[in-house]
Each structure stands twice: as structure tokens, then as C-alpha cells.
Colleague: 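I have a structure I would like to understand better, so I am pasting it below and will then ask my questions one at a time.
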Amino acid sequence: RSLEGKLRIGLAEQSVLVSLSHAIALSDPRTKLSEDKCGTALDEAVRTVKQVYSELPTYDEIVPALLKHGVKALPDHCKLRPGIPLKPMLAHPTKSLTEVLNRFENMAFTCEFKYDGERAQIHLLESGDVKIYSRNSEDLSVKYPDIMQRLPKIIGPGVTSFVMDSEAVAWDREQKCILPFQVLSGRKRKDVAAEDVKVQVCVFGFDLLYLNGETLTHKSLVERRVLLHTNFNHVEGEFAFAKHMDGSSVEQIQTFLEESVTGNCEGLMVKTLEQEASYEPSKRSRNWLKLKKDYLDGVGDSLDLVVVGGFTGKGKRTGWYGGYLLACYDPDREEYQTICKIGTGFSEEALAQQAEQFKELIADGPKSYYQYGDSPNVRPDVWFEPKIVRLVL
DNA sequence: AGTGCCTGCCC
DNA sequence: ATTCTGC
DNA sequence: GCAGAATGGGCAGGCACT
């Protein structure tokens with residue numbers, strides 16, 4: 001976990017990469033360590049290692065190559081290749097169409113439907129093996145034998161290897177429509193046989209990162225998209241290209257957004273097409289924008305809820321509440337029904353201040369007219385008197 | 001076999 | 001996922 | 001602007017215990 005940078009102790013991936021680069025550079029006689037150039041040489045080593053890691057994020061490959069060939073020659077030995085998942089590019093959230101237009105002013109861009117499913121990075125190796133990886137590079141291959149099976153009819157002639165970025169979405173084969181994420185998450189994950197898959201999925205491809213031995217991440221999205229469309233086939237209910245629209249007027253985008261929502265999608269992804277349009281897994285990772293329907297003004301609902309309990313905080317939040325249990329009053333049954341927990345959106349100052357405020361309201365236990373479940377995660381560490389009402393957006 | 005609890009993933 | 005904070 | 005670390009709902013899976 002240390003090496004994977006998942007310990008949550010302030011030592012995460014970037015720190016590990018810096019340390020590794022420095023260690024190798026300093027112990028390698030090939031690195032010239034003159035007084036004035038030392039810092040520059042180290043920075044250069046870090047840049048190289050990070051760049052290589054973004055294409056081939058596996059220490060099993062990078063460390064041996066570093067030890068054998070040194071930092072300089074690392075890019076010649078470690079390149080993007082099917083079978084090793086790369087960190088998928090992520091998108092910046094935006095709250096309005098204006099924000100999107102400001103950001104992409106004077107640039108060619110495209111809008112795509114944002115499908116409500118699971119990120120799926122599909123790899124075809126030269127050996128013929130197929131691998132499917134999740135957003136966090138987990139191996140989902142055993143979860144999707146149905147996708148594996150249908151792959152031959154999706155890939156075009158002459159395709160011997162590729163890495164595709166896509167979204168796997170639950171699909172209703174009778175109604176021929178997209179189903180919510182909740183349905184998809186009901187799929188089995190292990191020991192799945194293609195024959196007894198209950199929740200059907202349709203794959204929506206939206207990017208191509210590698211094709212027939214060639215890395216495409218440095219090409220622009222326009223180029224990658226052409227390659228995607230010319231080398232793969234649409235297959236009804238099984239594989240489709242993410243729906244896109246290149247228009248840039250407010251009206252066109254507005255209409256497209258509404259269309260996406262009608263089609264059971266979450267909203268739009270907006271991406272540059274030509275300039276700054278390469279696929280950058282780690283460097284400029286938030287190069288795309290997402291425009292979700294529930295971010296938009298007036299679309300989301302708000303509720304007045306009563307704070308009935310608090311959960312003791314961990315880590316940075318040790319010493320006050322890390323989250324709260326909220327309830328809604330039902331006048332018919334004369335009781336407070338717990339609804340949800342809330343744990344983000346508080347600055348540290350607000351958390352400290354709130355802890356003071358709730359100190360006065362600590363109750364011995366749950367009120368008789370509190371209605372809550374059995375599960376321990378709805379049993380707060382501290383119960384409160386029902387005094388504080390909060391507007392929840 | 002059934003239940004409850006916990007973990008580790010998705011979002 | 002969302003959100004805040006330190007750099 | 002980015003990386004890191006808090007936190008959410010909900011699901012399948014797996015373990016322990018009945």
C-alpha cells in the first residue's frame with residue numbers, strides 16, 4: 001500500500017514517484033552531479049519518471065528498468081502497452097454553460113453524452129487476450145464475460161491490439177434504453193458466466209488510446225475519434241459510440257444537454273478537439289469538463305432537515321464531528337425519520353464552530369419519536385435534541 | 001441455510 | 001462521487 | 001490548479017456465527 005500510495009498518511013503517489021526518481025538518480029553513476037546542475041538533474045529525472053509512470057503505471061516494470069538502464073533510457077524500455085491499465089483522464093465539474101464557454105473560448109470543442117455507468121478501459125493484447133479495467137485500474141475482466149464474448153463483432157478488420165476508453169451502461173433489451181446506475185451495480189462481480197448474465201450492458205466507446213502497436217495519447221481528440229469510429233463497429237444494444245455534437249452555440253449545447261437528460265444520461269462532457277486535446281493521464285488530468293444536470297441552477301431539489309446525531313471525526317477531523325445524521329419530521333406519524341448522513345461541504349472552522357453549538361444539545365440517547373434503522377452506520381456516536389434545522393441542497 | 005456485520009469496490 | 005486545504 | 005484526505009449512498013462478497 002505504501003508503494004501504491006494508498007496509505008492516507010500524506011505519502012501518496014506523487015511523493016513515492018519523487019522519492020524513487022531521486023533515489024535512482026543519486027545512486028546512478030550515469031547521473032552527472034556537478035554542484036550547480038544537481039537540482040536540475042533531479043527535476044529532470046522526476047519529470048521522466050512521472051511521464052513514464054503515467055503511460056505504464058506499474059513499479060514491477062519501472063523499478064527493474066530503472067536499475068538496469070537508468071533514468072535517461074527509461075522511456076525506451078517502458079511504454080504504454082495493452083495489458084497494463086493507465087490512469088484514466090478525469091473531468092473538471094462545471095456549474096453552468098457560461099462557465100464552460102468561458103473556459104473554451106476560441107477553441108474547438110465537442111460535447112458528448114455523459115453516460116451513467118461504470119468506466120471501462122478495454123484492452124486487446126497482441127496475444128489475443130482481452131482485459132477490462134475500472135476507473136481505479138481494478139481488473140474487471142471476470143465481471144464482463146459478455147463484453148469479452150461480443151468483442152470480435154465490434155472490432156474492425158486489421159485491428160490486432162488496442163486500448164479503448166468507454167462506459168459500460170445497464171441496458172434494457174426490450175425497451176432498447178439505458179437503465180440507471182443502480183441497476184448496473186446489481187451485477188455479479190465474480191464467477192460470472194456470459195450465459196447467465198442477468199443485467200445486460202451496452203458499451204459506449206468514447207476514446208482510443210492505443211491501436212495496432214501505436215500509442216495515440218499524444219494525438220488530438222479529433223484524430224483519436226476518427227480512428228475509433230473507423231476501426232470499430234456499432235452493434236445494436238451491445239456497442240455504440242458515445243453520442244457527440246460539435247456545435248458551439250449556446251442554443252445547440254442547451255438542446256443537446258436536454259437531449260442527453262431525456263436519454264437517461266447524467267449530462268454532458270465537454271472536451272477540446274484540437275489544441276490541448278491529447279489524452280494526459282497524469283499531467284493535466286483535469287482537461288475535460290463535465291456538465292451534470294444536477295449541478296445546474298434550479299434543477300436540484302433542496303430540503304429542510306433536522307440534525308439528530310453526530311459521528312466522531314477521524315484524522316484531520318479528530319476532536320469534533322466528522323459527519324451528521326439528518327432526519328425529516330413526519331407530522332402524520334409524529335416522528336422524525338432519519339434520511340441521510342452528511343459529511344462534506346464543511347470548512348474546518350465550521351466543523352469546530354458546529355461542535356460547540358451541538359454540545360448544548362447532546363441527548364442521553366435517541367428520542368422515542370426518532371425513527372431509524374438497525375444498521376450501525378445510522379447509529380450516531382452522539383444523539384442530539386431536535387433543535388437545529390439545516391437547508392440541504 | 002440463513003443472518004448480520006464488515007470490507008472493498010463502484011459512483 | 002463531492003468538498004475543503006495546503007502548497 | 002493540483003494532490004491529498006476527509007466524507008457520502010449503495011452494491012456484491014466473504015467471514016463468523018447461529
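By convention in this document, chain letters (A, B, ...) are assigned in the order of the sequence lines, proteins followed by strands, and residues within each chain are numbered from 1. None of these values were measured; they are calculated from a predicted model.
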Colleague: The side chain of A/K292 is closest to which nucleotide in this list: C/dT2, D/dG10, C/dT5?
Modeller: C/dT2
Colleague: I need the CZ-P distance between A/F311 and D/dT7, as an integer number of Å.
Modeller: 11 Å
Colleague: How many whole angstroms separate atom CZ of A/F181 from atom C1' of D/dG10?
Modeller: 8 Å
Colleague: So which nucleotide from C/dT3, C/dT5, D/dG4 ends up closest to the side chain of A/S15?
Modeller: D/dG4
Colleague: Quick check for you: among D/dG13, D/dC11, B/dC9, whose closest atom lies nearest to any side-chain atom of A/S134?
Modeller: B/dC9
Colleague: How many Å lie between OH on A/Y53 and P on D/dA3, as a whole number?
Modeller: 13 Å
Colleague: Please report, rounded to the nearest Å, how far the C1' atom of D/dA12 is from the CD atom of A/Q182.
Modeller: 13 Å
Colleague: Let's see if you can work this out: which of B/dC9, C/dT5, D/dG9 has an atom nearest to the side-chain heavy atoms of A/E138?
Modeller: B/dC9
Colleague: Hey, does the side-chain of A/R189 have a donor or acceptor N/O within less than 3.5 Å of a partner on the base of D/dC11?
Modeller: yes
Colleague: Rounded to whole angstroms, how far apart are CG on A/D191 and P on D/dG13?
Modeller: 8 Å
Colleague: Please determine whether ring-ring contact (aromatic ring centres under 6.0 Å, His included) holds for the pair A/F162 and A/F232, giving the CA-CA distance in whole Å, both sets of side-chain angles, and the decisive distance to 0.1 Å.
Modeller: CA-CA 11 Å; A/F162 68 85; A/F232 295 86; 4.8 Å; yes
Colleague: Verify side chain to side chain donor-acceptor pair (under 3.5 Å) between A/R225 and A/H244, making sure each step is shown before the conclusion.
Modeller: CA-CA 11 Å; A/R225 196 165 67 183; A/H244 70 94; 3.2 Å; yes
Colleague: At 4.0 Å (heavy atoms only), tell me whether A/K290 reaches a base, stays on the sugar-phosphate, or touches nothing.
Modeller: sugar-phosphate
Colleague: Side chains of A/H229 and A/F241, heavy atoms from C-beta outward: is any pair under 4.5 Å?
Modeller: yes
Colleague: Starting the side chain at C-beta, find the nucleotide from B/dC10, C/dT2, C/dC4 nearest to A/N136.
Modeller: B/dC10
Colleague: To the nearest Å, how far apart are A/E349 CD and C/dG6 C1'?
Modeller: 16 Å
Colleague: Could you work out which one of C/dT2, D/dG4, D/dG13 sits closest to the side chain of A/K190?
Modeller: D/dG13
Colleague: Give the rounded distance in Å between these two atoms: CG of A/D116 and P of B/dC10.
Modeller: 15 Å
Colleague: Side chain of A/K341, heavy atoms from C-beta onward: which of D/dC11, D/dG9, B/dC11 has the nearest atom to it?
Modeller: D/dG9
Colleague: Report yes if a side-chain nitrogen or oxygen of A/Q14 is closer than 4.0 Å to either non-bridging phosphate oxygen (OP1 or OP2) of D/dC2; otherwise report no.
Modeller: no
Colleague: The side chain of A/K188 lies closest to which of these nucleotides: D/dA6, D/dG13, C/dT5?
Modeller: D/dG13
Colleague: Identify which nucleotide among D/dG14, D/dC11, D/dG4 has an atom closest to any side-chain atom of A/K316, counting heavy atoms from C-beta outward.
Modeller: D/dG4
Colleague: Counting N and O atoms only, with roles assigned by atom type, does the side chain of A/R150 sit under 3.5 Å from a partner on the main chain of A/E238, one being a donor and the other an acceptor?
Modeller: yes
Colleague: Mind calculating the distance between CG (A/L351) and P (C/dT5) to the nearest angstrom?
Modeller: 9 Å
